[in-house]
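Each ligand, and each atom within it, is numbered from 1 in the order the structure gives.
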Amino acid sequence: MRARLASFGDFKCAHCHAVVSSAHMLSGVNNRNHCPYCLWSCHLDLFAAGDRLSACKAPMKPIGLTMKKGRNKYQREARGELMLIHECVECRTLSINRIAADDDSETVMAVFQESFTLGQQVQAVCQQYGILILKAEDAGIVQTQLYGRAVEIPAISW
Ligand SMILES: [Zn+2]
Ligand SMILES: [Zn+2]
């Protein structure tokens, strides 16, 4: 794996206008692309996280949570990683993003709870992308991932 390019620098959140540090030490993730306070992102990437090739640049709203499948797609028992689903307010593109260490857990929970009211249209689009939005019955998984790992995370069946 080649070394990552220099950080793209701090940015100002397009939604809540907080200045966001892209320092890896704080977020624990490469290519921080969303605000840790309101979790809004920006439509910057086209093909891969961090490529910054998209011409859109519109804000992206956090609309729900999903679980990223393990590296081995045949390994259905693998534990997933909790991910944020962002939807571009301009072109409706969806993207999934890792939750950073300094993201506000309460806000992540709020996004999760709000996602229960998502319209069927958004859910259908998620399906087209192969993204499974976590539902109310997945609350235990979400809590475990956000607040601690004392409880075993059950495998998700797709
Ligand atoms: Zn923000
Ligand atoms: Zn867009």
Output the distance between atom NZ (K68) and atom CD1 (I131), rounded to the nearest 0.5 Å.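 If we round to the nearest 0.5 Å, K68:NZ and I131:CD1 are 12.0 Å apart.
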Contacts of the Zn ion (ligand 2) with protein N/O/S atoms, counting only those under 2.8 Å: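 Checking every protein N, O and S atom gives H43 ND1, C56 SG, C88 SG, C91 SG.
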Are N97 and H34 close enough that a side-chain donor and a side-chain acceptor fall under 3.5 Å?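 No, because no side-chain N or O of N97 sits under 3.5 Å from a partner of the opposite role on H34.
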Using a side-chain heavy atom cutoff under 4.5 Å and only I, L, V, M, F, W and Y, what cluster partners does V89 have?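 In the cluster with V89 are W40.
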Starting from M60 and following side-chain heavy-atom contacts under 4.5 Å between hydrophobic residues (I, L, V, M, F, W, Y), which residues can be reached?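 Grouped by the 4.5 Å side-chain rule, M60 forms a cluster of one, so the answer is none.
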Under 2.8 Å from the Zn ion (ligand 1), how many protein N/O/S atoms do you get? Just the number, please.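 For the Zn ion (ligand 1), the figure is 4.
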Indicate yes or no for a side-chain donor-acceptor contact from [X] to the backbone of [Y] under 3.5 Å, with no hydrogens or angles considered.
X	Y	answer
E87	I63	no
T107	Y37	yes
T66	M83	no

Give me the atom names and distance for the closest heavy-atom approach of L53 to F47.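 The pair with the smallest heavy-atom distance is CD1-CD1, 4.0 Å.
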If you count every heavy atom of other residues, nucleotides or ligands that lies below 6.0 Å from K57 atom NZ, does the total exceed 12?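 It does: K57 NZ has more than 12 such atoms within range.
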